[in-house]
Amino acid sequence: MKSGIFLFFIKRAVQDILNNRFLNAITIITIALSILIVSAFGLFFVNINDLLDSWRKGVRIIAYLNNKVSQTEILDVKKKILQIDGVAAAQFKSKDEALKQLKERMKRQAAIFENLRENPLPDIFEVQLSATAQNWEKVEILASQIETLPEIESVEYGQQWIGRITGIFNLLRFTGSALCAVFFMASVFIVANTIRLLFFSKREEFDIMQLVGATEGFIKTPFYIEAILQGIIGGILGIIVLYISYVVVVSNVDQGLSSAFIQIRFLPIPVTLLIIACSTFSGWLGCYLSFKQFLNT
Amino acid sequence: MKSGIFLFFIKRAVQDILNNRFLNAITIITIALSILIVSAFGLFFVNINDLLDSWRKGVRIIAYLNNKVSQTEILDVKKKILQIDGVAAAQFKSKDEALKQLKERMKRQAAIFENLRENPLPDIFEVQLSATAQNWEKVEILASQIETLPEIESVEYGQQWIGRITGIFNLLRFTGSALCAVFFMASVFIVANTIRLLFFSKREEFDIMQLVGATEGFIKTPFYIEAILQGIIGGILGIIVLYISYVVVVSNVDQGLSSAFIQIRFLPIPVTLLIIACSTFSGWLGCYLSFKQFLNT
Amino acid sequence: MTDKGNEDNIIRLFHVHKRYATHSALVDISVDVARNELLMVTGPSGAGKSTLLKLLYLGEPASEGQILIDGINLARISRARIPFLRRKFGIIFQDYKLIPSKTVYENIALVLEVSGYKSSFIQKKVASVLRTVGMEERQHAYPQSLSGGEQQRIAFARAVVGDPQIILADEPTGSLDADSANIIMNLLREYHGRGTTLIIATHDKAILRKTQGRTIYLNDGRLENKIVNIEKKPAITL
Amino acid sequence: MTDKGNEDNIIRLFHVHKRYATHSALVDISVDVARNELLMVTGPSGAGKSTLLKLLYLGEPASEGQILIDGINLARISRARIPFLRRKFGIIFQDYKLIPSKTVYENIALVLEVSGYKSSFIQKKVASVLRTVGMEERQHAYPQSLSGGEQQRIAFARAVVGDPQIILADEPTGSLDADSANIIMNLLREYHGRGTTLIIATHDKAILRKTQGRTIYLNDGRLENKIVNIEKKPAITL
Ligand SMILES: Nc1ncnc2c1ncn2[C@@H]1O[C@H](COP(=O)(O)OP(=O)(O)OP(=O)(O)O)[C@@H](O)[C@H]1O
Ligand SMILES: Nc1ncnc2c1ncn2[C@@H]1O[C@H](COP(=O)(O)OP(=O)(O)OP(=O)(O)O)[C@@H](O)[C@H]1O
Ligand SMILES: [Mg+2]
Ligand SMILES: [Mg+2]
């Protein structure tokens, strides 16, 4: 019985969509467009984030060992470093290795190194940070923690660079998230407003149905179904258009980006589903607001 | 007479907006929201662009002079370098200066330099590039051009770094512009669709006016004015909301960003005007499409 | 639900007023309508006939006074009960109030769907009522494509399809030629014969003359009961 | 503009057909209406009366045949000329067709604004026509807040405010009580007396009986001219 009624309501909703094809097409397109906007920005933001992350991964602390540390003590030092909270890995590099690398890096000034009698460089540890520790304040704290170890002469980390990156990170994260929130809310309201405009043309129908004894549930249910269907369809359409654009863009861009180290990825499935869910919710909200306004008899 | 008629039409348009306050409020809010989306993204994009530009400004070519170049020839070399297309400036740096800087940069490895009998470094020119030359291919070409000068021993430029930056630049520019275009078109359609939904509730009115002998111009003009007014009001509202958000964000962010070298700026006035113009155009378009559909008797 | 003392009066109005922002549409109306009565409401244009009917089905609330429908006080009815109150009525609206986006069939079926009838029953019932008003061929047409009189017949069909306790007919034959009007009036009388309470608002003299029943006369929102009865009674006997 | 040979026939229909998707509304109608004639169109519900009027003001195009209005062939009229054709007519629509978002005053003034009259003239003219239909106090009301008969009177006022050459009145008194109907019919006759061509579609026997003029009878889309005249002429002499 109950499921029969529900089927009847779904039938009525679908019929109403078909009866008002023009209006519904316009509504669904509008919904799809606003979902497209939100999800396109989401996609952009996710990939910018990936990019920033990949840069940030490069942040590491160099710990210089003092000369007194013997070959045998090195493992102990490593253990101590690894025990510090926020350290992900520590890689030992002997003074000879370091000199070799330095020579390589400074090919042009190689002349400098020709006159060396002995290697003046210290042994070092390259300390990699865990993801949570990759912000400026954390890096500073970590660095000073490492420096307090007796075996460590001094530490180095690209202070200015990290400062810069952190500032930009914060700015991007902040404005990006703010934009996401704004876009999201704007879309919800656009979708809801569109549904309201759509249902405005139904006032008469609502009124007449009430006059022939329809309960509010009887009137509302099919329209809620309709609004939700439109939200779902619009949301899915928006995501599909985004995906197609994504595929086209990626296939064109990746050649020019072969040298780059980042890979453009699509929105993760959960995010996609969340977006569609929000589109659906917006449809519901528009319907709710419409009824709140039109059905006050 | 003509201006009298026009005044009459404006009066009718304003009256219609006031008569249908609810619908018009919803329409204007929707327009404002989509303009907000476009302009917010525009603002984001403009500032990201600024950021990228400020980084790119740092790209320079280091030209190492060979030992045979005497102090007197240096001015000649500078002239030659400056004559190359794409070079914006060239700054001479003597070998002593270079060593001093190197020592400073490599404080930790300062021990290396203590044993030097003579300065092994060459004199250099730091070559700054003009804005148009700041992409990877151009930099390479310029570098090889400079290298062919007899007085130049070799050149150095952050190949990998520039490659990276260029790839990311291109990607950001490309997707950013694409997003701008998508957002823009989406907004135009959202605005137009909103106006269409609004005017859908006017079909009856259009019909009746036609039946009592109104010309199409008589019917359309006030609605065009109405749609254009809505476009303008919605556009301005969107920009105002963006500006307020901008001021709030900037005043909150700038403290945390005191270390950063970029300054967040608002959209340039011409862009703002363009956005409002487009909003207006979208209103017009929606009106045009509505009439195309409803007035075919 | 039924109030014992007034079991025979399905509709009772006590000193009912209806005021709009600018003026009064009904002033101090007190009327009882017995179960299965046929009451005619007449009066000039703007007298308040439609307003009176509107108050009964809660199309508008009364500004003052009490209205009892089948023992239910309309001033105290809960929002959720209103649809059930309205199902007691079959209403022919003066302006038909057909849903433009639904076909003739759908418009009529709606009344039965609202009450949760089975679709096979609905089909049979709607087909039969369409046949009685001679509109079975146009069941898939939309209201706008019907002539005025055809729309009015559909409005009649929708009003009676649910076999309501009370039929409110507001100018039910205003757009009909004499023959069609007679058919509709005879159908209404038939429903009356089967026990339905009938209230007909009209200014059609021919109908007033030909229809047996009490007539009340509204003028400028006021009841002028006696005057009409005097005026009309001889008209029937003519 | 005027076709010499038919100067006295302001409206001419030659073998006009009107077909809708499912059926024919008018079949082979040929009628001439003389300048300043008063023509009545009658027939049962759905006969095609409203459709016939609709063809005249190009509310719908004819499916077949020729229609000449004041010498203009409607089949060949350019889109831009249609509004000017329509200004020859004053139309009382069966369903009134008042603009719901405009007040009574604005609805009537619209007809004059459309033709570009000065606002001081419009104000005077609208006020005067509102007075004649007894609706001057309701000029700021919206149509939905008017009773059926009041709306019909506004529809009449709008039809005549522009002093049109031809008045098309589709059931102009269907929602009016006898007194109001008489007032409206007398006003129509007055316009006729001043030279206006008048076409009235109605099935109100009282009006047909009381109004002098030619009557044509439509049945199922066909003209049954002679039969009506025989039927009616004696009615008038009664
Ligand atoms: N919503 C409203 N707002 C203001 N006035 C209204 C409203 N509805 C009706 N009226 C006024 O109340 C009075 C009574 O209206 P009602 O519709 O009851 O008249 P009626 O007797 O049915 O007339 P008719 O025979 O013309 O249909 C009229 O003057 C009308 O203008
Ligand atoms: N747009 C349309 N589409 C299909 N059929 C139509 C349309 N308009 C009118 N008809 C049909 O054409 C026929 C004639 O309609 P018309 O409105 O002319 O009748 P009428 O003589 O005015 O009747 P009434 O007295 O009831 O107003 C009717 O059967 C009607 O259903
Ligand atoms: Mg009424
Ligand atoms: Mg008709």
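This structure is a prediction, so every number in the text was calculated from the model and none was measured. In what follows, every chain begins at residue 1, and chains take the letters A, B, ... in the order their sequences are listed.
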Which bit of Leu179(A) is near chain B, if near means a heavy-atom gap under 4.5 Å: side chain, backbone, both or neither?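 Contact with chain B involves the side chain of Leu179(A) alone.
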Please determine whether the number of non-hydrogen atoms from other residues, nucleotides or ligands lying under 6.0 Å from atom CZ of Phe189(A) exceeds 12. no
Would you find more than 12 non-hydrogen atoms of other residues, nucleotides or ligands less than 6.0 Å from Tyr243(A) atom OH? no
Under the side-chain contact (heavy atoms from CB on, under 4.5 Å) rule, collect the residues that match up with Glu126(A), sequence neighbours excluded. Arg60(A), Ile62(A), Gln91(A), Lys93(A)
Taking only heavy atoms into account, what residues of residues 32-41 of chain B are found under 4.5 Å from chain A?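 The stretch touches chain A at Leu33(B), Ser34(B), Leu36(B), Ile37(B), Ala40(B), Phe41(B).
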Taking only residues two or more places apart in sequence or in another chain, which ones pass salt bridge (Lys or Arg N to Asp or Glu O under 4.0 Å) with Lys95(A)? none
As a test of understanding, state which of Thr30(A), Thr194(A), Ile29(A) forms a side-chain contact (heavy atoms from CB on, under 4.5 Å) with Ile190(B). Thr30(A)
Between Ile26(B) and chain A, which part of the residue has a heavy atom less than 4.5 Å away: side chain, backbone, both or neither? both
Applying ring-ring contact (aromatic ring centres under 6.0 Å, His included), name anything that partners Tyr288(A), two or more places apart in sequence or on another chain.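 So Tyr288(A) forms a ring-ring contact (aromatic ring centres under 6.0 Å, His included) with Trp284(A).
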Less than 4.5 Å apart, side chain to side chain, heavy atoms only: is that true for Phe200(B) and Phe200(A)?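 A side-chain contact under 4.5 Å is absent here.
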To the nearest 0.5 Å, what is the distance between CZ on Phe183(B) and CZ on Phe44(A)?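 Between Phe183(B) CZ and Phe44(A) CZ, I get 8.5 Å after rounding to 0.5 Å.
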With rounding to the nearest 0.5 Å, note down the distance linking CZ in Arg203(A) to OG in Ser201(B).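 Spacing of CZ (Arg203(A)) from OG (Ser201(B)) equals 7.0 Å.
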